[in-house]
Amino acid sequence: MASSAIALPRILRIGGGAISETAEVLGLLGLARPLIVTDPMMVKFGLAERLTGLLAQGGIKAAVFADTVPEPDSDAVDRAREAVLAGDYDCLIGLGGGSPIDTAKAVAVLAKQGGRMRDYKAPAMNAGPALPVIGIPTTAGTGSEATRFTVVTDSETHEKMLCIGLSFLPVAAIVDYELTLSKPSRLTADTGVDALTHAIEAYVSRRANPFSDGFAISAMRNIAAHLRRAYRDPQDRAAREAMMLGATQAGIAFSNSSVALVHGMSRPIGAHFHVPHGLSNAMLLPAVTAWSAPSATARYADCARAMGLAAGGDDAAAVAALIAELKALNADLAVPSPKAYGIDEAAWNGLLPTMAAQALASGSPGNNPLVPDAEAIIGLYREVWAG
Ligand SMILES: [Fe+2]
């Protein structure tokens with residue numbers, strides 16, 4: 001059996017107030033000329049200015065690029081690349097949710113290696129030079145601060161492309177849960193289910209290994225016990241702290257294992273219908289879990305136990321409890337079906353073959369315990385349509 005190939009950021013700082021250590025982290029890495037890659041909201045709410053000030057206190061002058069967009073496309077990444085190439089930066093600080101961090105990771109590679117984003121899409125594996133990226137997440141969700149993946153939509157084809165490799169792995173992650181306290185419940189729910197999906201998929205993936213398993217199980221424990229709490233009370237500091245840790249653990253887990261069918265099917269929904277990533281995962285998670293579980297009953301039963309849903313040794317009962325909980329979680333977090341979200345039914349049905357082909361092409365369904373064909377994927381899309 002081949003060894004487990006593990007890769008992590010060189011530095012992780014995890015805890016309330018960690019953002020104040022950013023200058024110190026840059027110093028440890030020998031970096032001094034950062035460009036902060038972020039979005040307009042981070043400027044509006046003063047976080048970009050706060051980070052610039054913290055860096056200045058540490059003797060580091062930072063510039064800010066604040067024009068990243070949600071669920072970044074290749075045009076947006078190209079605009080960011082122009083900003084990077086226009087200055088003499090030695091690193092990028094991705095500040096925000098998954099979208100600014102994913103943008104920073106994509107630009108870090110394009111700025112050094114050139115080409116277009118589609119040159120880097122899976123199954124290509126990218127290990128060439130890149131600007132060092134420091135990820136500072138402000139949501140407990142994507143885990144992008146600790147993963148060797150970025151996701152960018154092709155502006156011409158509207159394909160949501162998964163790009164894989166060490167080139168996309170941040171050199172440092174600064175994980176400060178206090179940055180999530182201001183986030184609204186909807187965002188908390190969507191990003192939290194994304195993190196839960198990362199943990200479950202990493203654990204049931206055909207690429208799972210003992211290292212990723214430990215992070216996945218710990219992530220599931222943290223997320224399952226705290227997601228509803230953080231959703232109901234955004235100021236619940238203990239819940240926010242556990243969610244932030246769980247999201248980073250889940251990121252480490254899937255970066256060193258993989259995601260699977262939920263993510264494979266989720267990206268086309270996001271690309272074609274502009275559904276936020278975590279929400280499209282949530283729409284799919286119960287049905288895809290129910291479909292996949294018979295092929296990996298013991299693994300899904302472990303997930304149920306980690307989430308506190310089952311104590312005994314009856315795997316079938318544990319799996320049933322897991323599926324019931326995922327449905328209940330969606331109800332409690334007010335996750336709509338694609339239909340209830342307002343997606344046009346004719347457009348949805350017309351795009352199903354394309355979406356299935358794009359899901360399969362990403363490679364993620366091939367890591368699922370039960371590997372689907374296009375017909376099975378279309379069947380699952382139809383099943384989740386009305387919830
Ligand atoms: Fe995700």
Side-chain angles (χ1 to χ4, degrees), residues 70-72 94 96-106 121-122 135 137-153 159-164 168-170 173 175 180 183 186-205 207-208 212 215-216 219-220 222-224 227 243-244 246-271 273-286 288-289 292 303 326 329-330 333 335 355 358-359 362-365 367-368 384:
E71 319 281 334
S99 297
I101 298 176
D102 272 9
T103 302
K105 289 159 66 165
K121 81 168 174 173
T138 61
T139 60
T142 66
S144 183
E145 70 280 1
T147 73
R148 48 182 149 176
F149 308 105
T150 190
V151 178
V152 175
T153 300
E159 180 183 2
K160 208 165 181 177
M161 303 180 290
L162 174 67
C163 306
I164 307 173
F168 299 108
L169 180 66
V175 182
T180 68
K183 295 296 180 286
R186 183 72 263 143
L187 186 64
T188 300
D190 295 348
T191 52
V193 175
D194 185 30
L196 178 63
T197 307
H198 294 155
I200 294 173
E201 295 210 284
Y203 192 79
V204 304
S205 166
R207 293 175 181 264
S212 61
F215 281 91
M220 281 183 249
N222 279 318
I223 296 164
L227 177 49
M243 284 302 301
M244 196 62 155
T248 297
Q249 290 172 319
I252 290 172
F254 88 85
S255 187
N256 291 290
S257 170
S258 79
V259 286
L261 181 56
V262 176
H263 272 75
M265 291 179 61
S266 176
R267 289 184 214 103
I269 297 177
F273 301 107
H274 306 286
V275 179
H277 172 67
L279 195 54
S280 52
N281 282 343
M283 291 168 176
L284 294 160
L285 184 58
V288 172
T289 299
S292 307
C303 296
L326 296 177
L329 187 62
N330 275 3
L333 301 179
V335 172
M355 287 161 60
Q358 290 177 342
S362 74
S364 299
N367 297 320
N368 207 59
V384 303

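Any value given below was found using the heavy atoms of this structure, including those in side chains, with hydrogens, waters and symmetry copies removed. As the structure lists them, so they are numbered: ligands from 1, and atoms in each ligand from 1.
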K.L.:
Looking only at side chains, do S144 and D102 share a donor and an acceptor under 3.5 Å apart?
P.N.:
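Their side chains do contain a donor-acceptor pair, which is all the 3.5 Å distance test asks for.
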K.L.:
State, without any angle test, whether T147 and S255 hold a side-chain donor-acceptor pair at a distance under 3.5 Å.
P.N.:
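Looking only at side-chain atoms, S255 and T147 do not form any donor-acceptor pair under 3.5 Å.
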K.L.:
With 2.8 Å as the limit, count the protein N, O or S atoms near the Fe ion (ligand 1).
P.N.:
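Protein N, O or S neighbours of the Fe ion (ligand 1) under 2.8 Å, waters not counted, come to 4.
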K.L.:
Return yes if a side-chain donor-acceptor contact under 3.5 Å exists between N256 and R207, otherwise no.
P.N.:
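Short answer, no.
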K.L.:
Just so I know, are the side chains of L162 and R267 near enough to count as touching, which here means a heavy-atom distance under 4.5 Å?
P.N.:
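Yes - at least one pair of side-chain heavy atoms lies under 4.5 Å apart.
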K.L.:
With sequence neighbours left out, what residues match D190 under salt bridge (Lys or Arg N to Asp or Glu O under 4.0 Å)?
P.N.:
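Expected list: R186.
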K.L.:
Checking side-chain polar atoms at under 3.5 Å, does H263 have a donor or acceptor matched by the opposite partner on D194?
P.N.:
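Looking only at side-chain atoms, D194 and H263 do form a donor-acceptor pair, the distance falling under 3.5 Å.
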